[in-house]
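Hydrogens, waters and symmetry mates are skipped; everything else that's a heavy atom, side chains included, is used. Just follow the structure's listing: the first ligand is 1, and inside any ligand the first atom is 1.
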Amino acid sequence: MEPLVLDSRTRLLVLTGAGVSAESGVPTFRGMNGLWENHPVEAVASPQGFEANPALVWRFYSQRRAGAADVKPNPGHDALVRWEQHLGDRFLLATQNVDGLHTKAGSQRVVDMHGNLFRTKCADCSRQPFADATVHPSGTVPKCDACGGRLRPDIVWFGEMLDPQDLARIGEFITRQDGTRLVFLAAGTSGAVWPAAGIVDEVRSVRGDTWLVNYESAANTERFHHFVQGQSGQVLPTLAKLV
Ligand code: OAD
């Protein structure tokens with residue numbers, strides 16, 4: 001197999017999804033034992049679901065907080081840390097994962113596209129989101145100290161906008177003109193959720209090279225130049241040649 005060459009003329013954008021955390025024991029969303037098989041998405045991951053039953057939403061995210069609190073990064077996360085140490089500012093990691101495992105592993109240039117499971121914000125006022133690992137297993141809905149309104153997890157739900165600053169950071173990395181060649185690698189993501197699923201086409205529009213590492217074929221596999229089928233914790237540690 002042709003290696004992914006990371007040399008001084010390369011800048012690398014990585015996109016990760018739930019599959020990268022699977023080997024750490026965090027459930028994925030789709031597929032076997034996927035979270036969305038047991039929970040209707042609209043009920044627990046949309047503003048409408050929160051309006052209808054905020055206690056159910058807090059029970060769901062409390063379970064996820066409890067489940068993700070003690071998990072450890074796996075060799076896939078560690079490989080990305082080494083690549084970043086090698087490339088420095090020529091590396092950017094955009095993740096759809098909210099479990100915080102990339103940061104726990106030591107990645108620094110991370111864009112949390114879908115928010116963070118261990119952060120809470122107010123549904124009713126504009127106070128800053130804050131770090132919070134509290135679980136509400138009985139489904140009590142915590143109240144905002146600032147306005148008395150309802151707190152909610154700082155997750156980007158279905159039907160909500162991603163943070164424009166996050167999208168701008170990714171867009172600027174893709175179009176950066178510093179004489180380097182752009183390589184994009186997506187790992188552990190089904191390619192079913194936008195805008196993440198469209199990054200491959202943005203990269204292709206500036207003639208970047210594109211890689212997919214996934215356990216199964218993704219919805220957008222044919223958009224990638226290279227597809228390496230396998231588990232990210234096994235594939236990523238040996239995929240790149242650092243020169
Ligand atoms: P999915 O659950 O949709 O897809 C996980 C992908 O990872 C699947 O294609 C699996 O084949 C693959 N996979 C599983 N184990 C793997 C492993 N060990 N190594 C490599 N690949 C593996 O997860 P995402 O694509 O991340 O959004 O889902 C995108 C978004 O949909 C999530 O961020 C979430 C969800 O709704 C929000 O909650 C806002």
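Near ligand 1, heavy-atom contacts under 4.0 Å come from Gly17, Ala18, Gly19, Ala22, Glu23, Thr28, Phe29, Arg30, Trp36, Gln96, His114, Val156, Phe158, Gly188, Thr189, Ser190, Val193, Asn214, Tyr215, Glu216, Gly230, Gln231, Ser232.
Scanning for ring-ring contact (aromatic ring centres under 6.0 Å, His included) contacts around His39 gives Phe60, with sequence neighbours left out. In this structure, the side-chain hydrogen bond (donor to acceptor under 3.5 Å, both in side chains) partners of Gln48, at least two apart in sequence or on a different chain, are Ser46. By the ring-ring contact (aromatic ring centres under 6.0 Å, His included) test, Phe173 is found to be paired with no residue, residues two or more places apart in sequence or in another chain being considered.
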side-chain contact (heavy atoms from CB on, under 4.5 Å) between Arg109 and Arg169: does it pass, once the steps are laid out?
CA-CA 10 Å; Arg109 295 163 180 89; Arg169 199 169 158 204; 4.2 Å; yes
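When the shell of 6.0 Å around CZ of Arg127 is examined, it contains more than 12 heavy atoms from other residues, nucleotides or ligands. No more than 12 heavy atoms of other residues, nucleotides or ligands shown are found within 6.0 angstrom of CD on Gln165.
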